Amino acid sequence: MATTDLPNSRTEPDGSAVVRVLSYNVRSLRDDTAALARVITACAPDLVLVQEAPRFFRWRKKLARLATASGQVLLTGGATTAGPAILCTLRATVERTEDVLLPLTPGLHRRGLATAVVRFGAARLGVVSCHLSLRADERYAQGGMLLDRLAGMGVAHAVAGGDLNERPDGRTFRLLADSLQDCRTAAPWGGEYTSTPTDPHQRIDALFATPSVEVLGCGVPDGHPGVTGTDLRAATDHLPVLAALRIPAS
């Protein structure tokens, strides 16, 4: 349960920006989309890293409708990345986006990365949404590709997150946490476990930040003002991860 307030989004006098980032597996919007929109809205994120966005008939319209209902706009991703997407508020100035499809292993689901570089005033931030493989060897390779993508974005500060399909003691999770900050470990806030909403017992969804980013708090927004247990259980089959980050001015 959230016991303290998470910092609100704002721009600091030194040009740095406090940014709220939400990571959420939305299960192709097959559940209660009104509850999903209420959860996102209550979290007041500047960026939403989506996994399992709609990928088939009228997928853009469905994703745009969710964005509108939750005070966001569709930035990038969806079917073009095999599921990951990024939503943002109008507070973000978009420099560029790139949708990346990762190598396909025959017989397994195609995976991809939704990526963007955005600005919040003088603070410049790389952003990546991911959904890693269910198979351990492919997942580990994809973790390395994610780190390579972050390193090649040409930004000093970045956040990456998504459904890792792995707990913190797993090899891929550790690979990411060795190079990046595991935001939940850096500044615990709210709940820990993201799966499942009806029986939270494991943390398989996470947000990571480059060492230059200050993590002000991160966790499942259970008990956050406006977020109800009823909505969390109805929205999708994962719980979201919300973080407040301070991004230095570039």
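In this text, all values refer to a predicted model and were calculated from it rather than measured experimentally. We number each residue from 1, following the sequence as shown.
Both Val19 and Val94 belong to a common hydrophobic cluster when Ile, Leu, Val, Met, Phe, Trp and Tyr are linked at side-chain heavy-atom distances under 4.5 angstrom. Under the 4.5 Å side-chain heavy-atom criterion for grouping Ile, Leu, Val, Met, Phe, Trp and Tyr, Trp189 is connected to Leu239 within one hydrophobic cluster. A chain of hydrophobic side-chain contacts below 4.5 Å, direct or via other Ile, Leu, Val, Met, Phe, Trp or Tyr residues, connects Leu180 to Leu132. Leu232 and Val48 fall within a single hydrophobic cluster, where Ile, Leu, Val, Met, Phe, Trp and Tyr side chains are chained together by heavy-atom contacts under 4.5 Å. Grouping the Ile, Leu, Val, Met, Phe, Trp and Tyr side chains by contacts below 4.5 angstrom, directly or via other members, places Val227 with Val26.
Of all heavy-atom pairs spanning Asp31 and Ala235, the tightest one is CB-O, 3.2 Å. For Arg60 against Thr80, the heavy-atom pair with the smallest separation is NH2-CG2, 4.2 Å. Of all heavy-atom pairs spanning Asn165 and His131, the tightest one is ND2-NE2, 3.4 Å. Heavy atoms only, all atoms of each residue included: Ser23 and Gly161 are closest at OG-C, 3.9 Å. Closest approach of Ala85 to Leu63, counting heavy atoms only: CB-CD2, 3.8 Å. Nearest heavy-atom pair, Pro7 versus Val18, reported as atom, atom and distance to 0.1 Å: CB-CG1, 4.3 Å.
Leu90 forms part of a hydrophobic cluster together with Val73, judged by ILVMFWY side-chain heavy-atom separations under 4.5 Å.
Judged by distance alone, the side chain of Arg124 and the main-chain N or O of Ala249 form no donor-acceptor pair under 3.5 Å. No donor-acceptor pair closer than 3.5 Å links the side chain of Glu95 to the backbone N or O of Thr93. A donor-acceptor pair under 3.5 Å is absent between the side-chain atoms of Glu214 and the main chain of Arg246, judged by distance alone. Thr97 places no side-chain N or O within donor-acceptor distance of the main-chain N or O of Thr76, the cut-off being under 3.5 Å. No donor-acceptor pair closer than 3.5 Å links the side chain of Glu12 to the backbone N or O of Ala17. Lys62 places no side-chain N or O within donor-acceptor distance of the main-chain N or O of Phe56, the cut-off being under 3.5 Å. Between the side chain of Ser129 and the main chain of Val50, a donor-acceptor pair closer than 3.5 Å is present. At distances below 3.5 Å, at least one donor-acceptor pair connects side-chain atoms of Arg20 with backbone N or O atoms of Leu6. Panel note: side chain Thr236, backbone Asn25; a donor-acceptor pair is recorded below 3.5 Å. In this structure, Ser179 contributes its side chain and Leu176 its backbone to no donor-acceptor pair below 3.5 Å.
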Legend entry - Full working for side chain to side chain contact (heavy atoms under 4.5 Å, CB included) between Asp163 and Ile204: CA-CA 6 Å; Asp163 179 353; Ile204 60 173; 4.2 Å; yes
Inset, instruction - Determine, step by step, whether Thr115 and Met153 satisfy the side chain to side chain contact (heavy atoms under 4.5 Å, CB included) criterion, reporting the C-alpha distance in whole Å, the side-chain angles of both residues, the deciding distance to 0.1 Å, and the verdict. - result: CA-CA 9 Å; Thr115 79; Met153 291 180 75; 4.2 Å; yes
Inset, instruction - Go through Leu75 and Val127 one step at a time and tell me if the side chain to side chain contact (heavy atoms under 4.5 Å, CB included) criterion holds. - result: CA-CA 11 Å; Leu75 178 53; Val127 188; over 6 Å; no
Legend entry - salt bridge (Lys or Arg N to Asp or Glu O under 4.0 Å) between Glu98 and Arg149, worked out: CA-CA 11 Å; Glu98 185 175 3; Arg149 176 61 52 169; 3.1 Å; yes
Inset, instruction - Mind running side chain to side chain contact (heavy atoms under 4.5 Å, CB included) on Leu104 and Leu108 for me, showing each step along the way? - result: CA-CA 7 Å; Leu104 175 64; Leu108 296 182; 5.6 Å; no
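Using modelled atom types and a 3.5 Å distance limit, the side chains of Gln142 and Ser133 yield no donor-acceptor pair. No side-chain donor-acceptor contact under 3.5 Å links Thr196 and Asp237. For the residue pair Ser212 and His157, a side-chain donor N or O sits within less than 3.5 Å of a side-chain acceptor on the partner.
Here the side chains of Thr185 and Cys218 are not in contact, with every heavy-atom distance at 4.5 Å or above. Side-chain atoms of Cys88 and Val118, non-hydrogen and from C-beta on, never get closer than 4.5 Å to each other. By the 4.5 Å heavy-atom criterion applied to side chains, Ile40 and Leu22 are counted as neighbours. Looking at Val128 and Phe208, their side chains never come closer than 4.5 Å, going by heavy atoms from C-beta outward. Side-chain contact between Phe120 and Arg91: present, with at least one pair of heavy atoms (C-beta onward) separated by less than 4.5 Å. Counting only heavy atoms from C-beta outward, the side chains of Leu49 and Leu207 approach each other to under 4.5 Å. Between Leu36 and Val39 the shortest side-chain heavy-atom distance does not fall below 4.5 Å. The shortest distance between side-chain heavy atoms of Arg184 and Glu192 falls below 4.5 Å.
Here the CZ-OG1 distance, from Arg139 to Thr172, works out to 5.5 Å after rounding to the nearest 0.5 Å. Between the CG atom in Leu74 and the CH2 atom in Trp59 there is a gap of 7.0 Å [rounded to 0.5 Å]. The line from CG of Leu101 to CZ of Arg111 is 12.5 Å long, rounded to the nearest 0.5 Å. With values rounded to the nearest 0.5 angstrom, Arg167 atom CZ is found 10.0 Å from Thr194 atom OG1. Atom CG in Asp99 sits 9.5 Å away from atom CG in Leu113 (nearest 0.5 Å). Between the NE2 atom in His109 and the CZ atom in Arg55 there is a gap of 4.5 Å [rounded to 0.5 Å].
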